Each structure stands twice: as C-alpha cells, then as structure tokens.
Amino acid sequence: MSTVAPVRSRPIVGWAVHDGLVVARRNLIQSIRVPESLFFSLVQPVIFVLLFAYVFGGAIPIPGDGANAEDAANAYRNYLMPGIFGQTVAFAAAASTVGIAEDMRKGLIDRFRALPMAHGAVLIGRTFADAGRQILVLAVLSLTGLIVGWRISGGVLNAIYAYLLLLLFAYTVSWVGSTIGLSMPNPETASTAGLAWLFPLTFLSNAFVPISSMPDWLQAFAAFNPVSTLVLSTRELFGNPTGIQPDYWPMQHPEAYTVLACAVIIAIFATLSVRKFGRTTSK
Amino acid sequence: MSDDRAVFAEGVVKKFGEVVALDGMDLTVERGQVVGLLGPNGAGKTTMVRILSTLLAPTEGFARVAGFDVVKEPDEVRRAIGLTGQYAAVDEYLTGRENLRMFGDLYHLEPKYVKRRSQELLDSFDLSEAADRPVRTYSGGMRRRLDLASSLIARPSILFLDEPTTGLDPRSRLGMWAVIESLVAEGTTVLLTTQYLEEADQLAQDIVVIDHGRVIAHGTAEALKDQIGGDRIEVTVVNLGQAGAAAEVLRSVSTGEPAIEEGRVSAPVSGGSTVLVTAIRALDVAGIEVSDLLLRRPTLDDVFMSLTGHAAEDAQPVPAKRGRKGRQS
C-alpha cells in the first residue's frame, strides 16, 4: 500500500504503561458490559461480612477486648472487617486467572503477541484492571461494614494508607493469578485452580481468628503469611482491635513486611508471567 | 533494504516434543504476490504462519519477513505484518469500533488517524451499521470481517491469513474473498493458508502444496493442473457396484491411473472429445449404466490426490499431541 500509517510520539509514561492502560481500559469495559459478573464479585464479600458478623460474632473471643457478650460481638465485628478486606482483595487473583485463560482460548493472545506492543502489556493491563475493580469492591464492602457496626477510628490519613495497602495487595496477587492463568488449558480449569490456593492462603492467617489461637507450627506459617501482615496493618491503621501478636518479625513490623513481600512477589511473578506470555499461543 | 522478498524462509523445522510439525520448509513470497499455502489438517500450515508472524520460534532453519529476521527482530516484523487467524481474534464485549481503536492504539498509531482509519475500514467491510454494537451480537461472517479489519488498521504491507474462511457459510465466504481480492488489488502481499482447493485456486497466483511439514509441489494453479496431465474424464455410475468395472474400462482410454470416489470414477485423458465418444461406446459394450459423464479440466483436488495419494479434505491421522497443539494444522 502506498500510504504508511502515522505513528504517534512516545508518551511520557512510556510504552509499557501506555499499552497496559489500553488493555486495562478494554478489561474494564468488559466489566461494565457484563454487570452480572461485577455484581456477584460484590455480593460474595458482602455475604461473608454478614455471615461472619452474625454467625461467628459471639463465638470467637478477641483477646484483650470485650467484657460482656455484646461487647465481644462488637469487638469481633471490628476485628473481622479488616480480615474480610484482606480476604476479598486476595481473591482478586482468581479473576486474573480466569481472565487470562479466556483470552488464550479466544485467540486474542495470538493477535496481541503479533502486535508491536510492549512486552507484558497484556499482563500489566490485566493486573491494573483487576486491582482497579477492587476500588469499587472495597467501597461497597466498607459501607456494609459501617452498617453492621464497624468503625474507622484511626484517622483519615491512616485509613487512606490502609486502603492503598489493600490495593497494592490486590495488584500483587493479580500477578500471581495471571501467572497461573497462563498455565491453564482452559477457563474452566482456571476458575477452579484460580481459587484453590486462595482458601489456605486466607484462612491460614489472622483474617478471621487470632494467630495466638493456632498451634505453634501453624503460628509460624501464619505470621509470615503476607495476608496476616496486610490484615494486621489495616487493623492498626483503621484503629480496630488487633488481638495479641506472636513474637515474629513480620507481626511486629506488619506494614514494612507487607510492602516488602508485595515487591518481592511482583518481581518474581511479573518476570515469570512475562516470560511465559512470550512463549504462549492460543489454546 | 537488502532483502526485497516479503517472505523468505529456508529449511524451517519445528518440533513439538516428538512431533515434527515442519520438516524443512522452504518458502518465498515476492512483494505484491498472493501465495496460497495448501494442505490438509496437520500438514503444518498454521505452524508455518505462526513462525512467520513471530508467535513461535523455529527449532531449526531461518525466516525473514519484510527483510527482518523473525527470531532476532520480532518487533520490526510485527510492525510490517497483519495476522488473521483461524478464529476471530477480537474482543467479544467491545464494540467493533472499540476493537479497532484498541488495536490501533497498540500499534502506537496517532489517535486521530486511528479514528479515521477505523471508520474507513468499518465502511468498506460493511460493518458501519454494527460498529457500535458489542461483537458478541455479530454473525460469524461479521466477526471474521472485523478480525480482518483489525489486522489492517496499521496498513501492513504483508498480510497472513490463516484459513480465513474456515467455518463460514458459502455467502460469507464469497464476501471474504471479495475483501481479500480488493486488498490484493491495492498491492498488499498476502500469504494465505487454506484446505479448500477452490479457495487457493480463486485467490492465489502461486500455490505451495504442503504435506507432513514439507513442500511437495509449487507453481501456479494452471501449472499444477498440467503437472498431472491435461483433461480428466469423469463418470458417475448408477450402480455403485459397477464403479470398479467402469474404472477398468476407463483405464483403456486414459493416460494414467483412474481414481474411484464413491460412484464417481475419474481418469486423466488426452485427445479431447474423441476420447469421450470412445469411452461412451466402451462403457455401453461393458453394460455399465452411467448417470453422468463429462470431460473437465483437473481441479486442485485431483492435483492433491495424485501428489499425496489422499484427498485434501481427509484429516490426516496426526500423532498424539499435547493440548496446545490440538487445533493447529
């Protein structure tokens, strides 16, 4: 053809972020066009809040708080909410696993890979969008929490910091989820495999019960689980009860450990998934 | 540019574990040419296109596209090519226009240009009415047209079409052909894979026949037809049981081995219509009831049959493959 298509100048943010945002926009448009999937991603954590608040509320004592039964239930609700936040953002990974697996089945991966776009942009877009959706999820969840009696009492700045940590964690697990998705033969398997590891990850933590109530060997695992340090950080930042912490370094420095763990996990899984993406064809 | 050929590949081997998908493929496509890569399922067509479009690395051999090495300079190759695969690689939930915008943005084209070019493509591919509807409401033919439009957004000089009409109804297929023909008229180089002989015959000037990962014949459709002899006589018998006897009769007038397919017997002949008369008499003498008898130019089906000993549409028994290879050919 005689005419050549004009290429735009390099954006300030660089091609990788530009291309990542283009793909993220596409993923977010998908969410809007399938409101059902967005709706159910909101319903599940809300149900969790209600179940835990009213079913387990009085049964799990939080050391150091609550003199009578009603106080204890209230304390547990305040203890519980950051746990639900942590669990919910961790489950953002499952959406990434399924999303990547669907792209592979539809042959879109082939088209993306045959474009002169930045390496890893499909994954950057996927993780941006999946973490971005969590903003809405966290908003709905926070409202539900406020209705059942949860309160933020640590100041606005600390609360913002807590939400940012939660989003960072959502972004981090999206990379793990994407890496798993790239290895899956089809979306059906991906939706099972994408969830399987999240249950032990979130339950072997302080999200729902204090670590001090676990056997010693489990305490060590739970203490180094970044979900625990994320939840502990948000409890402290929101001014919610924290329970008594075992004497492990991450439990004494939860914010630093959470940020560090996220950085390490992103570095590992971004490398793995971008490399795997380069060798993947549609299935 | 030192290499003016659009595609130049030599000795390309691709192995998936034990399975040899390509076994020393050579391929040259000159600029402005339309080359058809023809072969049955499992012959290695898709694998070859995936190597040329940088999706797969060859195990051995080398390939240049638009003068760039597909392994060492993949980004330069990607800027020069458009790829349309076997299934519509467009986003279901985005509208047609949003899809084109996304791909234009990912080619790093100017936003204004993308907007104008998208409209142009939507118009010329008869998609302007459906442009702002999500793709999942599109018919199969519309999806394929959008898929092709997506690969044209950056005006690539080389276009790879991997089985562009597989799974389309006859009307949509004719529509796709018209679109491809107009691209070719504009000077785009096209490498097209197909298992439909009719399609290669219709669209390609030069046909490369491959089987088991190797080139087994190469030339224009006419040259390939001449290669297996001139005209063919074709007899359809009323009684299936007489097909063998009809083949025996035709052997006496033909220049080669007759082929039997159901109740239809065909054989290469020379000498035009006089052969036809001889054949009719001989069939009559042998007491064979004939429902149809004709003299025709060989089709590429005949070419394939004589080159490989099996028909083109026969799915070859492919060695057990792992999941991801399952749908490649």
Side-chain angles (χ1 to χ4, degrees), chain A residues 1-11 14-16 18-38 99 102-119 121-122 125 182-186 189 277-283, chain B residues 46 50 53-57 74-95 98-99 101-114 117 134 136 147 150-157 160 162 183 186-188 322-328:
Chain A
M1 286 182 202
S2 51
T3 41
V4 175
V7 174
R8 58 165 292 177
S9 55
R10 191 173 175 279
W15 286 125
H18 168 269
D19 296 351
L21 289 174
V22 170
V23 178
R25 182 180 62 203
R26 165 232 169 193
N27 291 336
L28 290 173
I29 292 175
Q30 280 188 344
S31 310
I32 296 165
R33 300 269 156 83
V34 195
E36 296 88 347
S37 100
L38 194 62
E102 275 178 356
D103 283 355
M104 287 196 294
R105 171 146 80 185
K106 285 187 279 189
L108 258 175
I109 289 272
D110 283 358
R111 160 144 286 146
F112 284 137
R113 283 196 51 228
L115 290 175
M117 62 195 268
H119 298 287
V122 170
L182 284 170
S183 317
M184 292 295 120
N186 56 51
T189 314
F277 184 81
R279 285 188 263 115
T280 304
T281 50
S282 68
K283 290 168 187 173
Chain B
T46 298
R50 287 187 165 184
S53 52
T54 77
L55 295 178
L56 285 177
D75 275 337
E76 284 77 3
V77 172
R78 288 169 192 159
R79 257 186 276 279
I81 63 165
L83 169 68
T84 286
Q86 284 178 35
Y87 9 72
V90 287
D91 191 292
E92 292 269 294
Y93 297 106
L94 265 53
T95 66
E98 285 166 346
N99 267 290
R101 179 181 168 195
M102 171 172 73
F103 294 122
D105 286 347
L106 292 174
Y107 268 109
H108 302 162
L109 302 175
E110 267 178 21
K112 265 189 193 161
Y113 169 82
V114 172
R117 176 77 175 148
R136 72 193 144 145
D147 187 51
S150 304
S151 53
L152 295 173
I153 191 97
R155 294 184 175 275
S157 60
F160 296 123
D162 189 15
L183 289 171
E186 285 176 56
T188 309
R322 297 200 19 233
R324 73 171 53 172
K325 262 285 289 168
R327 283 165 73 180
Q328 295 187 357

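Sequence lines set the chain letters: A, B, ... in the order given, protein chains first and strands last, and positions in each chain run from 1. Note that the coordinates shown come from a computational prediction; the quantities given were computed from them, not determined experimentally.
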Please rank [options] by heavy-atom pairs under 4.5 Å with chain A and give me the top one.
| options | value |
| --- | --- |
| B:G85, B:S53, B:S151 | B:S151 |
| B:T54, B:I81, B:D147, B:T84 | B:D147 |
| B:E76, B:E92, B:E110 | B:E110 |

Margin query: Would the distance check show the side chain of B:R155 and the main-chain N or O of A:A5 forming a donor-acceptor pair, the cut-off being under 3.5 Å?
Written below: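 Answer holds: no.
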Next item on the list: Compare every heavy atom of B:D91 with every heavy atom of A:Q30, then report the nearest pair and how far apart it is.
Entry: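 Heavy atoms of A:Q30 and B:D91 come nearest at NE2-OD2, 2.7 Å.
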Check: With B:R79, which residues qualify under side chain to side chain contact (heavy atoms under 4.5 Å, CB included), at least two apart?
Finding: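 With sequence neighbours excluded, B:R79 shows a side chain to side chain contact (heavy atoms under 4.5 Å, CB included) to A:P116, B:D75, given in chain and number order.
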Note to self: Does any backbone or side-chain atom of B:V77 lie under 4.5 Å from a heavy atom of chain A? Answer side chain, backbone, both or neither.
What the structure shows: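 For B:V77, there is no contact with chain A at all, as no heavy atom is under 4.5 Å.
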Got [X] and [Y] here, is their nearest side-chain heavy-atom distance under 4.5 Å?
| X | Y | result |
| --- | --- | --- |
| B:V90 | A:R111 | yes |
| A:F112 | B:M102 | yes |
| A:V23 | B:L106 | yes |

Next item on the list: Using salt bridge (Lys or Arg N to Asp or Glu O under 4.0 Å) as the criterion, list what pairs up with B:E98, not counting sequence neighbours.
Entry: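 Per chain and number, B:E98 pairs via salt bridge (Lys or Arg N to Asp or Glu O under 4.0 Å) with A:R33.
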Next item on the list: Report the distance from atom CE of A:M117 to atom CZ of B:F103, rounding to the nearest 0.5 Å.
Entry: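 Those atoms lie 9.0 Å apart.
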Next item on the list: Select, from A:A121, A:A118, A:G278, A:A114, the one with the greatest count of heavy-atom pairs under 4.5 Å involving chain B.
Entry: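 Of the options given, most contacts go to A:A114.
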Margin query: Please classify the contact of A:R10 with chain B as side chain, backbone, both or neither, using a heavy-atom distance under 4.5 Å.
Written below: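 Looking at A:R10, nothing touches chain B.
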Check: Does a donor on one side chain sit under 3.5 Å from an acceptor on the other, for A:D19 and B:H108?
Finding: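 B:H108 and A:D19 do have a side-chain donor-acceptor pair below 3.5 Å.
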